[in-house]
Amino acid sequence: MINSKYQTIKKNKIGKFFKDEHIWGYIFIAAALIIFCLFTLYPVIYAFIISFQKFRPIGAEWVGIQNYLNLLKDHLFAKSIMITAIYTIFSVPVTLFISFTLAILIFPLKKWLQTTFKAIYYLPAVASGVALSIVWLWIYNPMSSGLLNKIISIFGISNQNWLGSSKTALFSLILMSWLTSHGTSVIIYLAGLLGIPDSLFEVADLDGGTTFQKIKYIIIPLLKPTTLFLLVTGIIGSFQVFMNAYLMTGGGPNNATTTVGLLIFNNAFEYGDFGAASAQSIILAIIIALISIFQFKLIGEDVEY
């Protein structure tokens with residue numbers, strides 16, 4: 001009798017467990033949560049542990065904070081941070097401005113035209129980064145057959161070694177980001193524009209508001225949360241830029257395009273110094289976190305979601 005009563009209570013608890021809607025929520029996200037723990041959380045924790053070690057193929061030597069102290073004397077690491085910061089400062093704001101402008105121009109069009117332009121601008125995001133790099137290597141070809149050299153020759157400017165000169169290599173990567181990184185931002189901005197009530201634009205028309213006044217007093221304030229999101233994610237992405245530098249220049253010439261991401265990759269997989277690479281990745285994560293917090297404090301205080 002006691003056993004049957006216990007089994008009844010147990011069944012009721014199990015039934016209540018599965019009837020709880022919150023439990024079903026955790027069950028549905030379990031797969032994504034497991035993938036996150038295995039491929040994101042665990043590598044981050046393991047990288048933090050390795051950053052205090054001198055890694056060897058068989059075993060590892062604990063060196064404490066020595067890897068972090070070495071970074072203070074590593075001029076290449078300091079240079080890579082500066083290069084990454086310059087790339088971010090000149091890349092992200094201009095890219096966002098171009099994306100915002102494109103979204104404003106596409107917004108008044110008919111639905112099928114909006115869809116067409118969204119597909120056109122999003123196409124580079126779908127294409128392989130290797131394929132895009134090959135196209136841009138042709139554009140930056142230092143010979144007269146290069147597309148960019150053909151364009152500047154119209155104005156009487158001689159051929160430039162865009163990727164082979166330390167004066168133009170970093171600018172070439174920035175220019176590439178200006179012209180290929182709009183797909184996602186344009187679609188998100190258009191989604192934000194479609195969420196603005198039409199009544200606001202109708203009132204502005206009745207009051208004789210110009211296009212620029214609508215942008216200044218309606219669109220920009222109401223798209224501030226969208227802009228903040230794209231700004232934060234854009235800066236995070238630009239501080240982790242790796243593929244463009246790796247495929248286009250390899251970090252050269254004279255380390256003029258060696259970003260932090262590329263330096264971490266080289267230390268880990270070229271030189272086998274996983275301890276230094278892990279310490280650099282932890283420092284990079286801290287820098288990105290601090291910049292993100294600063295952005296939310298500076299811009300996000302009056303933003304309503």
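These numbers were taken from a predicted model, which means no experiment stands behind them. Below, all heavy atoms of this structure are taken into account, side chains as well, without hydrogens, waters or symmetry copies.
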Residue pair Met176 / Asn244: nearest heavy atoms and the distance that separates them: CE-OD1, 3.8 Å
Side chain proximity check, Phe117 to Leu190, heavy atoms < 4.5 angstrom: no
Whether Asn266 side chain and Tyr271 backbone form a donor-acceptor pair below 3.5 Å: no
Over 12 non-hydrogen atoms of neighbours within 6.0 angstrom of CG in Asp198: no
Path from Ile34 to Leu41 over hydrophobic side-chain contacts below 4.5 Å: no
Distance-minimising heavy-atom pair for Val186 and Ala103: O-CB, 4.2 Å
Inter-residue atom distance Thr116.OG1 - Leu109.CG, 0.5 Å rounding: 9.5 Å
Exceeds 12 heavy-atom contacts within 6.0 angstrom, atom CD1 of Ile120: yes
Close side-chain approach of Leu284 and Thr84, heavy atoms under 4.5 Å: no
Between CD1 on residue Ile174 and OG1 on residue Thr257, distance to nearest 0.5 Å: 11.0 Å
Enclosure of Lys54 NZ (heavy-atom neighbours >12, cutoff 6.0 Å): no
Cluster link Ile287 to Ile89, ILVMFWY, side chain under 4.5 Å: yes
Donor-acceptor contact below 3.5 Å, side chain Asp74 vs main chain Leu76: yes
Side chain to side chain contact (heavy atoms under 4.5 Å, CB included) between Gln280 and Asn67, intermediate numbers included: CA-CA 9 Å; Gln280 291 168 350; Asn67 288 325; over 6 Å; no
Value rounded to 0.5 Å, distance of OG1 in Thr88 from CD1 in Ile83: 11.5 Å
Heavy-atom pair of closest approach, residues Leu96 and Ser185: CD2-OG, 4.3 Å
Derivation and outcome, side chain to side chain contact (heavy atoms under 4.5 Å, CB included), residues Val63 and Phe52: CA-CA 6 Å; Val63 295; Phe52 296 100; 5.7 Å; no
N/O donor-acceptor pair under 3.5 Å between Ser80 side chain and Thr259 backbone: no
Flag side-chain contact, heavy atom, 4.5 Å: Ile196 against Leu193: yes
Main-chain N/O of Gly209 paired with Asp207 side-chain donor or acceptor, under 3.5 Å: no
Non-hydrogen side-chain atoms of Ile220 and Phe100 separated by less than 4.5 Å: yes
Worked verdict on Asn159 versus Met143 for side chain to side chain contact (heavy atoms under 4.5 Å, CB included): CA-CA 7 Å; Asn159 293 342; Met143 306 302 291; 5.6 Å; no
Flag side-chain contact, heavy atom, 4.5 Å: Trp136 against Leu247: no
Smallest separation among heavy atoms of Met248 and Ser133, with atom names: SD-O, 3.6 Å
In one Ile/Leu/Val/Met/Phe/Trp/Tyr side-chain cluster, 4.5 Å: Ile291, Met82: yes
More than 12 heavy atoms from other groups under 6.0 Å of CZ on Phe201: yes
Ring-ring centroid check Tyr87 Phe239, cutoff 6.0 Å: no
Value rounded to 0.5 Å, distance of CG in Asp205 from OG1 in Thr211: 8.5 Å
Whether Ser278 side chain and Ile50 backbone form a donor-acceptor pair below 3.5 Å: no
Any Asn161 side-chain heavy atom under 4.5 Å of Thr168 side chain: no
Side chains of Leu72 and Phe77 in contact at under 4.5 Å (non-hydrogen atoms): no
Distance-minimising heavy-atom pair for Ala256 and Lys79: N-NZ, 4.5 Å
Any donor-acceptor N/O pair, Ser51 side chain to Gly275 backbone, under 3.5 Å: no
Check: Ser172 side chain, Trp162 main-chain N or O, donor-acceptor pair, under 3.5 Å: yes
Contact check, side chains of Leu137 and Leu163, non-hydrogen atoms, under 4.5 Å: yes
Polar side-chain atom of Gln160 near backbone of Asn149 as donor-acceptor pair, under 3.5 Å: no
Trp62 atom CH2, neighbour heavy-atom count above 12 within 6.0 Å: yes
Tyr68 OH: over 12 foreign heavy atoms closer than 6.0 Å: yes
Shortest non-hydrogen contact between Gln213 and Gly208, atoms and distance: OE1-O, 4.1 Å
From Tyr217 atom OH to Leu200 atom CG, the distance as rounded to the nearest 0.5 Å: 15.5 Å
Whether Phe171 and Trp178 hold their rings parallel, tilted or perpendicular, with breakpoints at 30° and 60°: perpendicular
Linked, directly or transitively: Phe294 and Phe296 (ILVMFWY side chains, under 4.5 Å): yes
Geometric class of the Phe265/Phe242 ring pair [parallel <30°, tilted 30-60°, perpendicular >60°]: tilted
Shared hydrophobic cluster for Leu69 and Ile286 (ILVMFWY, side-chain gaps under 4.5 Å): yes
Inter-residue atom distance Thr210.OG1 - Ile215.CD1, 0.5 Å rounding: 8.5 Å
Main-chain N/O of Leu230 paired to Thr233 side chain as donor or acceptor, under 3.5 Å: yes
